[in-house]
A.B. asks: 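Got a structure here, written out as structure tokens. Questions coming.
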Amino acid sequence: MPPSKKAKTNRESTPSGSGGALTTTTIDDLTALTTAQLYSLSSRRHRDESRESVRRAQEERDRAYVSLEQAQRWLERANEHLERQEENAREAHREYMDAKNLLVRVRQASSAAIEMMGGRVAVAGDESSDDEAGGLSMAGRLSQSSGGKSRKVPFVQDLLVEFAKAGELCDGKKLPDVDTDKVPRKDRSQFVNSMKLVEELWTEEEELFLRSSPEEINESLEELKVIAETIAVRCLTKLNEWEGRTDPTPTGHQKPSYVSIGTRARRVFVGRKKGEAEAEEEV
């Protein structure tokens, strides 16, 4: 039985109509999917960029923290250094004041000693008779003449007084480096050795006084003489002690000329070097 006209019509119209509807829907879905994927990619890229920006910001923050910690450590060290400098300055000021006060006491003691010596001489002169006075005067002239003859070779105290009055030491110059017309070239080695001994034996207060300015020295000439003579006597005493004498007190015939003291000091220095060399060999 042949198919009816209505069924034939349905078979012809169904494929073409349904195929057209599916094609349009598919294109729209693909377009929407592509757009969504593009949005997703864009969002992902923005997210990655945001994360990278956050990471860089965190790194900058960490570096800033490290720099801040370093700056704080530098500041702490700077404060500690400043405190040490301030403490050193205070200590130096205290030492300066102590030295200044000690210098004042030395000057007062020297003045008192000079006044006492002058008073004793005056009392002795008043109690002596005319004959005794004549004898003392003659002895004084003989002593001066013999002393003047011995002073052809200057005493250590004479050189120290000369150096201090001329301001040779106020700039920190070493005693052996001082030039003087009183020391001939042939005796230069004795002079150097005697001055080395003086630098070894003088006290900090005595060195401070001798290194004062010429103006200050000229105001304290008596103290200068006392200090210089004290140093000279100390040199003789220590040399006697180092040479093994039972009584290191200087005798009357021992004179503190730079030649005598320099010659004896050289023997002491040479003995020290030999002792040090022997000690090193034993080690």
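Below, all heavy atoms of this structure are taken into account, side chains as well, without hydrogens, waters or symmetry copies. Nothing fancy with the numbering, it's 1 onward along the sequence.
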A.B. asks: Sequence neighbours left out, what passes salt bridge (Lys or Arg N to Asp or Glu O under 4.0 Å) with R61? Give chain and number order.
C.D. replies: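 In terms of salt bridge (Lys or Arg N to Asp or Glu O under 4.0 Å), with neighbours along the sequence ignored, R61 is linked to no residue.
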A.B. asks: Can a donor-acceptor pair be found between the side chains of E162 and T180 at a distance below 3.5 Å?
C.D. replies: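 Indeed, the side chains of E162 and T180 share at least one donor-acceptor pair under 3.5 Å.
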A.B. asks: What are the two closest non-hydrogen atoms of C170 and S212, and how far apart are they?
C.D. replies: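 In this case the closest contact between C170 and S212 is CB-O, 3.7 Å.
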A.B. asks: For the pair D158 (side chain) and P154 (backbone), establish whether a donor and an acceptor sit closer than 3.5 Å, ignoring hydrogens and angles.
C.D. replies: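 Here the side-chain-to-backbone pair does not exist.
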A.B. asks: Side chain to side chain contact (heavy atoms under 4.5 Å, CB included), that's the test. Do M195 and F163 meet it? Break it down for me.
C.D. replies: CA-CA 12 Å; M195 292 298 105; F163 298 160; 4.1 Å; yes
A.B. asks: By salt bridge (Lys or Arg N to Asp or Glu O under 4.0 Å), which residues pair with E60, not counting sequence neighbours?
C.D. replies: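 By the salt bridge (Lys or Arg N to Asp or Glu O under 4.0 Å) rule, E60 matches R63.
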A.B. asks: I'd like to check R45 versus D48 (side-chain heavy atoms, cut-off strictly below 4.5 Å). Are they in contact?
C.D. replies: no
A.B. asks: Of all residues at least two apart in sequence or in a different chain, which pass the side chain to side chain donor-acceptor pair (under 3.5 Å) check with T251?
C.D. replies: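 T251 satisfies side chain to side chain donor-acceptor pair (under 3.5 Å) with H253 only.
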A.B. asks: Which heavy atom of T203 sits nearest a heavy atom of R234, and at what distance?
C.D. replies: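 In this case the closest contact between T203 and R234 is N-NH1, 4.2 Å.
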A.B. asks: Just to verify, what does E91 make a salt bridge (Lys or Arg N to Asp or Glu O under 4.0 Å) with, not counting sequence neighbours?
C.D. replies: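 Salt bridge (Lys or Arg N to Asp or Glu O under 4.0 Å) check on E91 returns R94.
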A.B. asks: CG of N193 to CZ of R266: how many Å apart, nearest 0.5 Å?
C.D. replies: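 Reported to 0.5 Å precision, the distance equals 7.5 Å.
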A.B. asks: Which pairs of donor and acceptor atoms, one on a side chain in residues 239-248, lie under 3.5 Å apart (sequence neighbours left out)?
C.D. replies:
residue : atom : partner : partner atom : Å
N240    : OD1  : Q254    : NE2          : 3.0
N240    : OD1  : R264    : NH2          : 2.7
N240    : ND2  : L236    : O            : 3.3
N240    : ND2  : P248    : O            : 2.9
N240    : ND2  : Q254    : OE1          : 3.1
E241    : OE1  : K238    : NZ           : 3.3
E243    : OE1  : R264    : NH2          : 2.9
E243    : OE2  : R264    : NE           : 2.9
E243    : OE2  : R264    : NH2          : 3.4
D247    : OD1  : T249    : N            : 3.2
D247    : OD1  : T249    : OG1          : 2.9

A.B. asks: Are the side chain of S40 and the backbone of A36 linked by a donor-acceptor contact shorter than 3.5 Å?
C.D. replies: no
A.B. asks: Is the count of non-hydrogen atoms from other residues, nucleotides or ligands lying under 6.0 Å from R211 atom CZ greater than 12?
C.D. replies: yes
A.B. asks: Are V268 and F191 co-members of a hydrophobic cluster defined by side-chain heavy atoms under 4.5 Å apart?
C.D. replies: yes
A.B. asks: Quick check for you: to the nearest 0.5 Å, what is the distance between L201 atom CG and T237 atom OG1?
C.D. replies: 9.5 Å
A.B. asks: Taking only residues two or more places apart in sequence or in another chain, which ones pass side chain to side chain donor-acceptor pair (under 3.5 Å) with E168?
C.D. replies: K173
A.B. asks: Would you mind checking if E87 and R90 are paired as a salt bridge, meaning a charged N to carboxylate O distance below 4.0 Å?
C.D. replies: yes
A.B. asks: Take I227 and I231 through the test side chain to side chain contact (heavy atoms under 4.5 Å, CB included) and record every step on the way to the result.
C.D. replies: CA-CA 6 Å; I227 290 175; I231 294 174; 4.1 Å; yes
A.B. asks: Nearest heavy-atom pair of A232 and P256: which atoms, and what distance?
C.D. replies: CB-CB, 3.9 Å
A.B. asks: Verify the cluster assignment for V233 and L159: are they in a single hydrophobic cluster under the rule of side-chain heavy atoms below 4.5 Å apart?
C.D. replies: no
A.B. asks: When you measure from the side chain of T230 to the backbone of V226, do you find a donor-acceptor pair of N or O atoms at a distance under 3.5 Å?
C.D. replies: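 Yes: the side chain of T230 pairs with the backbone of V226.
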A.B. asks: Using 0.5 Å steps for rounding, measure from the SG atom of C235 to the CD atom of Q157.
C.D. replies: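 Going from SG on C235 over to CD on Q157, the span is 9.5 Å.
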A.B. asks: Could you walk me through whether E200 and F269 pass the side chain to side chain contact (heavy atoms under 4.5 Å, CB included) check?
C.D. replies: CA-CA 11 Å; E200 182 176 333; F269 296 153; 3.7 Å; yes
A.B. asks: Which value, rounded to the nearest 0.5 Å, describes the distance between I217 atom CD1 and L210 atom CG?
C.D. replies: 6.5 Å
A.B. asks: How many angstroms lie between atom OH of Y258 and atom CG of L160, to the nearest 0.5 angstrom?
C.D. replies: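 The CG atom of L160 is 13.5 Å from OH of Y258, to the nearest 0.5 Å.
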A.B. asks: If we only count heavy atoms from C-beta on, is the E199 to P176 side-chain gap below 4.5 Å?
C.D. replies: yes
A.B. asks: Could you go step by step and tell me if R188 and D179 meet the side chain to side chain contact (heavy atoms under 4.5 Å, CB included) rule?
C.D. replies: CA-CA 10 Å; R188 185 69 188 179; D179 293 328; 3.7 Å; yes
A.B. asks: Where is the tightest heavy-atom contact between D187 and V183, given as atom of each residue plus distance?
C.D. replies: O-CG1, 4.0 Å
A.B. asks: Less than 4.5 Å apart, any side-chain heavy atom of V178 and any of L169?
C.D. replies: yes
A.B. asks: Side-chain contact test, heavy atoms from C-beta onward, threshold under 4.5 Å: evaluate it for H46 versus S43 and give yes or no.
C.D. replies: no
A.B. asks: Hey, could you give me the OH/OG distance between Y39 and S42, rounded to the nearest 0.5 Å?
C.D. replies: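 That separation rounds to 9.0 Å.
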A.B. asks: Is the backbone of S257 close enough, under 3.5 Å, to the side chain of S260 for a donor and an acceptor to pair up by distance?
C.D. replies: no
A.B. asks: Taking I261 as the starting point, is it possible to reach V153 by hopping between hydrophobic residues whose side chains are less than 4.5 Å apart?
C.D. replies: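 Yes: a chain of side-chain contacts under 4.5 Å links V153 to I261.
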